[in-house]
Amino acid sequence: MRKPFFYGWVVVFACMILAAASTGLLSYLNPLFIQPVTEAFGISRASFMIYQTFSTTATVICMPIFSSIYHRLPMKAMILAGACCGAASHLYSSMASGVTAFYVSGVLAGTATCLYGSIPIAILTSNWFHEKKGVATGLAFAGTGAASALLSPIMARVIEELGWRTGYRIIAVLILCAVTPVTLLLIRVTPEEMGLTPYGQRLQEHGAPEKQGFSRKQVFSTRSLWLFALGIFLIGAVTAPAQQQLVAYWSEAGNSAAFAASLYSLVMLTAIFSKIFLGSIYDRTSVAKGTLAVGALAVLSFVGLLLFPRGYAAAIPAVLFGVTVSIQVLVGTYVVNRLFGDREYPFVYGIITPVLYGGVAVGSPLSASIYDRFGNYRLLWAACAVVFAAAVCLVVIADSVSLREYRRMLGIERK
């Protein structure tokens, strides 16, 4: 007898759309605008990239606040409010008369990312899945790469022919058109709304789903939290800032603007499948093994950027960097759940994610400054490889410490 279709997979599809419309449209397409905007206003890339600092600072401030109140307010209303905020950020950018406007837009975008992106996606996948949570999380966040892979060459052409202001306006419209229908028609916050239980969830005798993990007080007393936080900070400081520089790097290396955009699309296309694959790996093996495997590929991606800057050979680091993008997403969501449990998952997620974005806030202007100072990206890619290797080591050590803390503090064996 065939098992009935589980509605949680529909929720995952809705999360894919949210991911595509939030991180995918608000952040991953930004590299296409760096060169035309800085040339239009005659400003340095470091000055322009400060908008990312404003964006991530807003996210850092809003994330713990929204994480704590998300269960108290209607989720659908908050998602729709976030979509309006995200669209407003790009509309305002399209009307910019100076670099300050982009800083204001960054604040709006950072706030929007919390409201209709990372927080609801993390909560929904945690609510609907007990088993296959890694695959569900990977699928949900694969939307970020899908949006960028499909739209990067199109938006590059739009910017080239119609201008960057039109590009920003089109993205604003796409956000509203993507988020509104899936929120109203597809999203169900919990399985209980439909008389269901989470996928693979075992029930206790009294019928309530069992949850394991550290309490809020215990979380702050664990050494694994601080080790993991440092690792995730370094990942944020390297991955997103490097990603923002890719299109400009490939263009300056002698590739055409169209070919550079195609390479970036390849990064995002690879990220779609690598997130799903990595989620499956995490479901089947340990956090340490999964992180080490993808971490090695991430370090190789930066080495590849140094060795293969132009031509078809540049596709090698492009594919590898697609894997690098995945570790930022999966480590910041699924690994948090594995290390600290689902007992207080939204609370811990609300702590860790601002740390990740704090790394982005520091790394974005720093990476642009390195380019402005030395006039090329070679030193930046070498530094990124070293820092990323250190971050992977910290995550692996945090996993080992977490296993011991589960036994010592909770008296159970963590998977």
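Bear in mind the structure is a predicted one, so any value in this text is a computation, not a measurement. Every heavy atom of this structure was used, including side-chain atoms; hydrogens, water molecules and symmetry mates were not.
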How long is the span from the OG1 atom in T113 to the CE atom in M63, to the nearest 0.5 Å? 8.0 Å

Heavy atoms only: give me the nearest V360-A240 pair and the separation to one decimal. CG2-CB, 3.8 Å

Y51 vs V107 side-chain heavy atoms within contact, under 4.5 Å: no

Does the side chain of V362 come within less than 4.5 Å of F233's, by heavy atoms? yes

Do Y92 and F102 have their ring centres less than 6.0 Å from each other? no

Donor-acceptor contact below 3.5 Å, side chain N337 vs main chain S126: no

What verdict does the side chain to side chain contact (heavy atoms under 4.5 Å, CB included) test give for R407 and I412, after you've listed the backbone C-alpha separation in whole Å, the side-chain angles of each residue and the deciding distance to 0.1 Å? CA-CA 5 Å; R407 289 191 293 267; I412 57 178; over 6 Å; no

Take F228 and V336, measure what side chain to side chain contact (heavy atoms under 4.5 Å, CB included) needs, and give me the verdict at the end. CA-CA 9 Å; F228 183 76; V336 171; 3.6 Å; yes

Are any non-hydrogen side-chain atoms of Y249 and W381 less than 4.5 angstrom apart? yes

Between Y406 (side chain only) and G341 (backbone N and O only), is there a donor and an acceptor less than 3.5 Å apart? yes

Indicate, with yes or no, if the rings of Y264 and W250 have centres closer together than 6.0 Å. no

Is there a donor-acceptor pair closer than 3.5 Å between any side-chain N or O of S280 and the backbone N or O of I276? no

Kindly give the heavy-atom pair with the smallest separation between L32 and A261, and that separation in Å. CD2-CB, 4.4 Å

Pairs of donor and acceptor atoms involving the side chains of residues 286-309, under 3.5 Å and at least two apart or interchain, shall be tabulated with distances.
from: S286; atom 1: OG; to: K289; atom 2: N; distance (Å): 3.2
from: T291; atom 1: OG1; to: Y282; atom 2: OH; distance (Å): 2.6
from: T291; atom 1: OG1; to: V287; atom 2: O; distance (Å): 2.8
from: S301; atom 1: OG; to: A298; atom 2: O; distance (Å): 2.4
from: S301; atom 1: OG; to: T324; atom 2: OG1; distance (Å): 3.0

Compute whether any side-chain donor of one residue and acceptor of the other, for S274 and S326, lie under 3.5 angstrom apart. yes

Ignoring hydrogens and angles, state whether a donor on the side chain of S44 or S47 is under 3.5 Å from an acceptor on the partner side chain. yes

I'd like to know if the side chain of T59 and the backbone of G110 have a donor-acceptor N/O pair within less than 3.5 Å. yes

Close side-chain approach of F33 and T38, heavy atoms under 4.5 Å: no

Indicate the atoms forming the closest heavy-atom contact of T222 with F340, along with that distance. OG1-CE2, 4.0 Å

d(S367 OG, Q243 CD) to nearest 0.5 Å is 11.5 Å

Report yes or no: do S224 and S402 form a side-chain donor-acceptor pair below 3.5 Å? no

Going through the checks in order, is the side chain to side chain contact (heavy atoms under 4.5 Å, CB included) test met by L124 and M75? CA-CA 10 Å; L124 287 168; M75 177 179 284; 3.8 Å; yes

Which word best sums up how the rings of F220 and W226 line up, parallel for under 30°, tilted for 30 to 60°, or perpendicular for over 60°? tilted

Heavy-atom side-chain contact between R223 and E405 under 4.5 Å: yes

Using 30° and 60° as the class boundaries, would you call the ring planes of F129 and Y199 parallel, tilted or perpendicular? tilted

Within the 4.5 Å heavy-atom criterion, are Y116 and M78 side-chain neighbours or not? no

So, R169 side chain and L91 main chain: donor-acceptor pair closer than 3.5 Å or not? no

For a quick test of your reading: what N or O donor-acceptor pairs under 3.5 Å do the side chains of residues 10-27 make, sequence neighbours left out?
from: S22; atom 1: OG; to: L18; atom 2: O; distance (Å): 2.7
from: S22; atom 1: OG; to: A19; atom 2: O; distance (Å): 3.4

Shortest non-hydrogen contact between N255 and G311, atoms and distance: OD1-N, 3.0 Å

Give a yes or no on whether F273 atom CZ has more than 12 heavy-atom contacts from other residues, nucleotides or ligands under 6.0 Å away. no

Would Y168 and S105 count as a side chain to side chain contact (heavy atoms under 4.5 Å, CB included) if you check the C-alpha gap in whole Å, the side-chain angles of each, and the deciding distance to 0.1 Å? CA-CA 11 Å; Y168 276 125; S105 297; over 6 Å; no

Let me confirm one number: the CG-CG distance from L269 to L150, rounded to the nearest 0.5 Å. 8.0 Å

Quick check: closest heavy atoms across F388 and V238, and the distance to 0.1 Å? CD1-CG1, 3.9 Å

Roughly how far apart are R157 CZ and L151 CG, rounded to 0.5 Å? 15.0 Å

Do the side chains of P198 and W128 get nearer than 4.5 Å, heavy atoms only? no

Can you give me every donor-acceptor pair (side chain of residues 390-400, partner residue at least two apart or in another chain, under 3.5 Å) with its distance?
from: D399; atom 1: OD1; to: R414; atom 2: NH1; distance (Å): 3.2
from: D399; atom 1: OD1; to: R414; atom 2: NH2; distance (Å): 2.5
from: S400; atom 1: OG; to: R404; atom 2: NH1; distance (Å): 3.2

Donor-acceptor contact present, side-chain K275 to main-chain F141, <3.5 Å: yes

Is the backbone of G86 close enough, under 3.5 Å, to the side chain of S89 for a donor and an acceptor to pair up by distance? yes

So do the side chains of L80 and T180 get within less than 4.5 Å of each other, counting heavy atoms only? yes

Of all the heavy-atom pairs spanning A112 and G82, show the shortest one and how long it is. CB-O, 3.3 Å

Would you compute the distance between atom NZ of K76 and atom CG of L185 and round it to the nearest 0.5 angstrom? 8.0 Å

Please check if the side chain of T285 supplies one atom and the backbone of I281 the other of a donor-acceptor pair under 3.5 Å. no

Please verify the inter-ring angle class for Y103 with F54; under 30° counts as parallel, over 60° as perpendicular, anything in between as tilted. parallel

Value for OG (S221) from CZ (R216), rounded to nearest 0.5 Å, stands at 15.0 Å

